[in-house]
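A quick write-up on the structure given underneath.
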Amino acid sequence: MSSEDRRGLLIFAVGGAILIALAAFIFTVVNAPEKDYDRVTLCNEHTPRYAHQLLIIDVSDALSAHQEHFLRTHISEMLQSARVNDRFSIFVLDEKYNGLSDPVVDLCKPSSADDVNMLTSNRVFVERLYQDRFAEPLDRAIAAVVASGEQKRSPIFEALSDIAALRRIDQRAEDIRLIIVSDMIQNSRAGSVFRAGPEAIDGLPPIDLRRARTRVFWLDREKYKRYQTTDLVSSWEDYLASVSRFEQIERVRN
């Protein structure tokens, strides 16, 4: 075999090896675990999920302008600090079902253009997915919630009970954060603060939310000032501490 033949054979072999390596690289990128996500929820069951953020928003009374701004700001901060594949579920108190609504939104945070490698991902596609399928639907859902009409009943306990009974907590998430946005005026068949005051909370049955770190954004209502007492705050603190990993109640002015 001549030197030219050997050179040609070497070039062919090197070219073949490069093509095989390139094919293997493309196969690895296309089939990477981070690309195997649900097209509806954007949740990826093959990569870690650090946190599941559950928000229960009380729409039994309209939010004031300040409370609406506070809620939007808080959710925006949650999104910014969240990791890729963290899950967000937003519910409202639903008097139709006397408890928890179906999820208003239930999505996992996808990668944004800043999170991906420009050599292996289409940054324009990734950013469009993030905006069109996650950021904008979440913003529309929040707008729909804060614009909801008033309800006669406020089934706070029932909504919390449904979180446990309907298995709304993501079992794959390491950290469960349950946020209740409400005036905390329980008013349903299980108990009514209007009728019994703080004792309505003291008599609520136990439920299992032990995995959840629970926080309350307490919406001050001028018309309910005589019911939103320090005793009611204490009753809710005691109850939530008995059924979950209670953190704090933060008052949000009207």
TODO: Give the C-alpha distance, both sets of side-chain angles, the deciding distance and a yes or no for side-chain contact (heavy atoms from CB on, under 4.5 Å) between D139 and R72.
DONE: CA-CA 9 Å; D139 190 61; R72 287 181 178 276; 3.4 Å; yes
Task: Derivation of the side-chain contact (heavy atoms from CB on, under 4.5 Å) call for V252 and V181 - done: CA-CA 9 Å; V252 184; V181 183; over 6 Å; no
Task: Nearest heavy atoms of N44 and R49, plus distance in Å - done: O-NH2, 3.2 Å
TODO: Check side-chain hydrogen bond (donor to acceptor under 3.5 Å, both in side chains) between D175 and all other residues, then give those that pass, not counting sequence neighbours.
DONE: R177, R213
Open item on the list: Is there a continuous path of hydrophobic side-chain contacts, each under 4.5 Å between heavy atoms, that joins L63 to I75?
Closed with: yes
Open item on the list: Among residues at least two apart in sequence or on other chains, which ones pass side-chain hydrogen bond (donor to acceptor under 3.5 Å, both in side chains) with R251?
Closed with: D220
Task: Heavy-atom side-chain contact between F157 and I207 under 4.5 Å - done: yes
Task: Within-4.5 Å side-chain heavy-atom neighbours: K109 and L79 - done: no
Task: Spacing of H52 atom NE2 and R211 atom CZ [to the nearest 0.5 Å] - done: 10.0 Å
- [ ] Answer yes or no: are there more than 12 heavy-atom neighbours, outside E199 itself, under 6.0 Å from its atom CD?
- [x] no
Open item on the list: Going by disulfide (SG to SG under 2.5 Å), name the pairs with one or both residues in residues 72-111, residues two or more places apart or in two chains.
Closed with: C43-C108
- [ ] Supply the atom-to-atom distance L100 CG to R168 CZ, rounded to the nearest 0.5 angstrom.
- [x] 6.5 Å
TODO: Could you grab the distance from atom CZ of F246 to atom CD of E237, nearest 0.5 Å is fine?
DONE: 4.5 Å
- [ ] Output yes when a side-chain donor or acceptor of R153 lies under 3.5 Å from a complementary backbone atom of G99, and no otherwise.
- [x] no
Task: Q67 (side chain) donor-acceptor with S64 (main chain) under 3.5 angstrom - done: yes
- [ ] With rounding to the nearest 0.5 Å, note down the distance linking OG1 in T214 to CG in L178.
- [x] 4.5 Å
- [ ] Enter the distance from S89:OG to I163:CD1 here, rounded to the nearest 0.5 Å.
- [x] 8.0 Å
Open item on the list: Show me the pairs that pass side chain to side chain donor-acceptor pair (under 3.5 Å) and involve residues 224-233, at least two apart or across chains.
Closed with: D61-Y224
TODO: With rounding to the nearest 0.5 Å, note down the distance linking CD1 in I249 to CE in M184.
DONE: 6.0 Å
Task: Pair D58-S154, side-chain donor/acceptor within less than 3.5 Å - done: yes
Open item on the list: So does A241 get a backbone contact from the side chain of S244, meaning a donor-acceptor N/O pair under 3.5 Å?
Closed with: no
- [ ] Taking Q171 for its side chain and I169 for its backbone only, find out whether a donor-acceptor pair lies under 3.5 Å.
- [x] yes
TODO: Please check if F88 and V59 belong to a single hydrophobic cluster, counting links between Ile, Leu, Val, Met, Phe, Trp and Tyr side chain heavy atoms closer than 4.5 Å.
DONE: yes
Open item on the list: Is it the case that the side chain of D86 and the backbone of A51 share a donor-acceptor pair, with hydrogens and angles ignored and the cut-off at 3.5 Å?
Closed with: yes
Task: Check: D183 side chain, R221 main-chain N or O, donor-acceptor pair, under 3.5 Å - done: no
Task: Those residues that, when tested against D202, pass side-chain hydrogen bond (donor to acceptor under 3.5 Å, both in side chains) (two or more places apart) - done: S235
Open item on the list: Under 4.5 Å between side-chain heavy atoms, counting indirect links through other Ile/Leu/Val/Met/Phe/Trp/Tyr residues: same cluster for I57 and F91 or not?
Closed with: no
Task: Any donor-acceptor pair under 3.5 Å from S81 side chain to E77 backbone - done: yes
Task: Under 3.5 Å donor-acceptor, S101 side chain and V92 backbone - done: yes
Open item on the list: Quick check: is L93 connected to L204 through a chain of hydrophobic side chains (ILVMFWY, heavy atoms under 4.5 Å apart)?
Closed with: yes
TODO: Salt-bridge test for D170 and R172: reply yes if a basic N is under 4.0 Å from a carboxylate O, no otherwise.
DONE: no
TODO: Would you check if the side chain of Q186 reaches a backbone N or O of I201 as a donor-acceptor pair within less than 3.5 Å?
DONE: no
- [ ] Please examine the side chains of H66 and N254, heavy atoms only from C-beta on, and report whether any two atoms are closer than 4.5 Å.
- [x] no
TODO: Describe, in one word, how the ring planes of Y239 and W236 are oriented to each other, choosing from parallel (under 30°), tilted (30 to 60°) and perpendicular (over 60°).
DONE: perpendicular
- [ ] State, with a plain yes or no, whether a side-chain heavy atom of I142 is found less than 4.5 Å away from one of V105.
- [x] no
Open item on the list: Let me check something: do V233 and V193 share a hydrophobic cluster, defined by ILVMFWY side-chain heavy atoms less than 4.5 Å apart, either directly or through other members?
Closed with: yes
Task: Minimum heavy-atom distance between P110 and F134, given as atom pair plus value - done: CD-CG, 3.5 Å
TODO: Using the test side-chain hydrogen bond (donor to acceptor under 3.5 Å, both in side chains), find all partners of N85 that sit at least two apart in sequence or belong to another chain.
DONE: T47
TODO: Show your working on side-chain contact (heavy atoms from CB on, under 4.5 Å) between I56 and S182 and close with a plain yes or no.
DONE: CA-CA 8 Å; I56 301 176; S182 172; over 6 Å; no
